[in-house]
Amino acid sequence: MYKNTNCGDITLDRAGDFVIVAGWVSRRRDHGNLIFIDLRDRSGILQVVFNPKISEESHNLSEKLRNEWVIQVSGTISKRKEGAENDDLKTGQIELNAKELKILSPSKTPPFEVIDDLNIDELTRLKYRFLDLRRPKMQNLLKLRHNVTHEIWNYLSDKDFIQVETPILIKSTPEGARDYVVPSRLHPGQFYALPQSPQQLKQILMVSGIEKYFQIAHCFRDEDLRADRQPEHTQLDLEMSYVHKKDVIELVEGLFISIVEKIVPSAKFNKPFLHISYEESMERFGTDKPDTRYGLELRTISEIVTNIGINVFDSVIGNGGIARSIVLPGCGEYTRKQTDELINFSKLSGGKGLVFIGLDKNIQSLDNIQDDQYRSSLKKFLSVDIVKNIYNFTGAKPGDLVLIVADQAKVVNNVLSAIRTRMGKELNLFDNNEFNFVWVDDFPLFEWDDLESKWVPAHHVFSSPKEEDLIYLEKDPAKIKAELYDLVCNGYELGSGSIRIHDRDIQTRVFNVIGYQKEDIDTRFGHLLRSFDYGAPPHGGMGLGLDRLVMLLGGQDNIREVIAFPKTQTASDPLFDSPSNIDSNQLRELGISFTDLD
Ligand code: ASP
């Protein structure tokens, strides 16, 4: 071994010990006769002193050292001189008096300092990810991630689950997103697909008698990226036989409570988790991923704002739209600039704008509002009485700002939920150290896709309709609720799951609703349906995003911070410089040539 102890673990009780350590030079200070090095390994920092009186040779050599050189040092631990202690460091009471120094590997001058407080662009960080990951913050996040997976393994193994690995090269059976595909050399012109999730494989494992399965699985989706999405993400995938919705929820809730309690013991979180239906979530928060740490709930106010002489409201509502509101406490005296900013924001979120009404905070009673005590984008049309009605109905108070969006329900909800998320942050309505978990269930089985003019599954095609809704399957798909559940935390969807269809006929009927023809069904899903013919136990499960979970537990707002080698927003990897061209021989072997498709 190059070392017999870790730098960051040495404390005062080791004074007098002879140790051998190895690591990176984190900082070097030349104090004339003495040279000080901060030596860093994964465990932390150790101060090393090169004193010519102890070893002239090592002292001379230490003059050459620069940041990020890898060295090995041996010597004796001693207590630091009085006044030279550093209480911020675990090793701050001691130092290592170097006897022997070996340079194991020099370093070029790094493009950035290996420190937590870093202010450089992400591309450089990703290109030099090996340096970026050396930073204590990144080391801690990777350790946190390890601790989470370790707890998952322990918890689920104790509950009799077994881990089964499923293949990465499978068949293209899209689950909603675009597939990544891999050309086959042995079958020219044919392709494997990378799994969007092991969904069908884990269902087949249930038919194979595994009963309780889990896997930390890589999932690949060729989608446009956002801050919390990657082309390749990791999910805790699990499946259980002979379960109802309640059993899966209980299992996952127990696991998550255990993860939070063991891994972030200081975190505040709700136990048991909240439960709300999809409908309630849309009604109260305008989204199925509500951040339930704070209120700012939406209200439908179509009735209050129609037939009061305001055309925009009358025409939108007359055309099947709705008007909904959100109340921003304490924002009633927002300046023109601030309200303009909110209007712009609503447009960026897909709306056409919004109506605001702000009341002065010194108004004593809503019965006595003076004309100069409120501001509104529709001031000309809004009488004091209407303002009073709106404030009463929405529960707003003097000093509050009411925002109203009128449009088709989907647009209204998108805009207001985006405003709600933004204002929750801006108004400091939550504690950063708090996790609020909520189960959302009773989702519709299908959604209408306007672009394609057809029904699409709200989750995936394998989720079971509620038994009592089966009668609507062909007649009225909009009416069917699914045995579907999502786990949401602080506004992020952590995972989705469902009780699955385990009956060939029902599965075929669902395929038919979304327009799959017999050949489609046979080629894409024949393997799964065939397994259902040989005794399929009722089963259900979930897929839970590991990256997102670690991101939340680690207090980050970008999943790239918790993935060792992430891709950029344009799905490229600046470290390997991928994707990249492959050489013509490889292409020839695969039988691939390019033509200009335009
Ligand atoms: N396969 C699903 C997904 O990745 C999760 C599940 O239903 O288990 O979203």
Side-chain angles (χ1 to χ4, degrees), residues 152 156 161 163-168 170-180 193-207 210-223 226 228-241 243-245 247-253 255-256 278 288-289 439-447 456-466 481-489 492-502 507 510 524-525 527-528 536-549 559:
I152 290 173
L156 293 178
F161 279 73
Q163 191 266 169
V164 181
E165 284 155 58
T166 52
I168 293 298
I170 60 162
K171 179 173 178 166
S172 179
T173 58
E175 269 176 47
R178 213 174 285 114
D179 277 331
Y180 275 101
L194 306 184
Q196 293 187 22
S197 86
Q199 182 62 36
Q200 295 180 63
L201 291 153
K202 67 176 169 176
Q203 290 193 238
I204 292 174
L205 284 173
M206 293 304 104
V207 187
I210 296 302
E211 275 194 42
K212 291 178 175 183
Y213 142 93
F214 83 101
Q215 182 182 193
I216 306 291
H218 273 260
C219 303
F220 306 85
R221 298 178 192 181
D222 190 359
E223 293 177 287
R226 295 195 306 241
D228 63 342
R229 279 219 185 127
Q230 283 278 297
E232 164 179 9
H233 73 273
T234 312
Q235 118 181 344
L236 162 62
D237 196 45
L238 54 88
E239 198 73 10
M240 304 159 81
S241 291
V243 285
H244 298 291
K245 178 173 93 179
D247 305 307
V248 182
I249 285 182
E250 242 172 60
L251 181 274
V252 173
E253 186 161 327
L255 167 65
F256 273 59
Y278 168 80
D288 55 3
K289 305 176 212 2
W439 288 103
V440 182
D441 67 0
D442 283 349
F443 283 83
L445 185 63
F446 300 110
E447 282 166 2
V456 291
H459 180 211
H460 54 53
V461 278
F462 313 107
S463 297
S464 175
K466 281 185 176 279
K481 295 236 162 56
E483 294 282 6
L484 240 172
Y485 34 86
D486 275 7
L487 180 59
V488 174
C489 181
Y492 289 95
E493 181 192 308
L494 286 185
S496 294
S498 60
I499 296 300
R500 325 297 184 186
I501 300 166
H502 65 281
Q507 185 67 74
V510 167
R524 287 190 187 190
F525 306 106
H527 46 278
L528 182 69
H539 58 281
M542 274 199 93
L544 295 138
L546 184 70
D547 309 306
R548 270 188 210 166
L549 174 63
I559 55 170

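Indexing begins at 1, ligand by ligand and atom by atom, following the structure's order.
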Visitor: For the side chain of R548 and the backbone of E493, is there at least one donor-acceptor N/O pair under 3.5 Å apart?
Guide: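 It does hold such a pair.
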Visitor: Near S197, which atoms of ligand 1 are under 4.0 Å from a heavy atom of that residue?
Guide: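 Per the distance check, 1 (N), 4 (O).
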Visitor: Would you find a donor on one side and an acceptor on the other, under 3.5 Å apart, between the side chain of Q507 and the backbone of V461?
Guide: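 A pair under 3.5 Å: yes.
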Visitor: Judged by non-hydrogen atoms, does Q203 sit under 4.0 Å from ligand 1?
Guide: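 No, Q203 has no heavy atoms under 4.0 Å from ligand 1.
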Visitor: Closer than 4.0 Å to some heavy atom of M542 - which atoms of ligand 1 meet that?
Guide: 6 (C), 8 (O)
Visitor: Return yes when atom NZ of K481 has more than 12 non-hydrogen atoms of other residues, nucleotides or ligands closer than 6.0 Å, and no otherwise.
Guide: no
Visitor: Any idea which of R221, H233, H460 brings a heavy atom closest to atom 4 (O) of ligand 1?
Guide: R221
Visitor: With atoms numbered from 1 as shown, which atoms in ligand 1 lie under 4.0 angstrom from a non-hydrogen atom of S496?
Guide: 5 (C), 6 (C), 7 (O), 8 (O)
Visitor: Does any N or O in the side chain of D486 come within less than 3.5 Å of the main-chain N or O of V440, such that one atom is a donor and the other an acceptor?
Guide: no
Visitor: Is ligand 1 under 4.0 Å from a heavy atom in the side chain of E493, in the backbone, in both, or in neither?
Guide: neither
Visitor: Sort out for me which residue in Q200, Q203, E239 forms a side-chain hydrogen bond (donor to acceptor under 3.5 Å, both in side chains) with R500.
Guide: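 Of the listed options, the one satisfying the test is E239.
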Visitor: Please indicate whether any nitrogen or oxygen in S498 is less than 3.5 Å from any nitrogen or oxygen in ligand 1.
Guide: no
Visitor: Do the side chain of K466 and the main chain of L445 share a donor and acceptor less than 3.5 angstrom apart?
Guide: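 Checking the backbone N and O of L445 against the side chain of K466, no donor-acceptor pair under 3.5 Å is found.
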Visitor: Does any N or O of ligand 1 fall below 3.5 Å from an N or O anywhere on G543, backbone included?
Guide: yes
Visitor: Which atoms of ligand 1 sit under 4.0 Å from any heavy atom of K202?
Guide: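 Under 4.0 Å from K202, ligand 1 has these atoms: 6 (C), 8 (O).
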Visitor: If only atom types and distance count, is the side chain of Q235 paired as donor or acceptor with the main-chain N or O of C219 below 3.5 Å?
Guide: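 Checking the backbone N and O of C219 against the side chain of Q235, no donor-acceptor pair under 3.5 Å is found.
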Visitor: Got a sec, which residues hit ring-ring contact (aromatic ring centres under 6.0 Å, His included) with F214, two or more places apart in sequence or on another chain?
Guide: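 Checked F214 against ring-ring contact (aromatic ring centres under 6.0 Å, His included); matches are W153.
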Visitor: Within a distance under 4.0 Å of any heavy atom of Q235, pick out the atoms of ligand 1 and give their elements.
Guide: 4 (O)
Visitor: Are any of the N/O atoms on Q199, whether in the backbone or the side chain, positioned under 3.5 angstrom from an N/O atom of ligand 1?
Guide: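 Looking only at distances, the answer is yes, because the N/O contact criterion of under 3.5 Å is met.
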Visitor: Which part of Q196 is near ligand 1, with near meaning a heavy atom under 4.0 Å away: side chain, backbone, both or neither?
Guide: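 Answer for Q196: neither.
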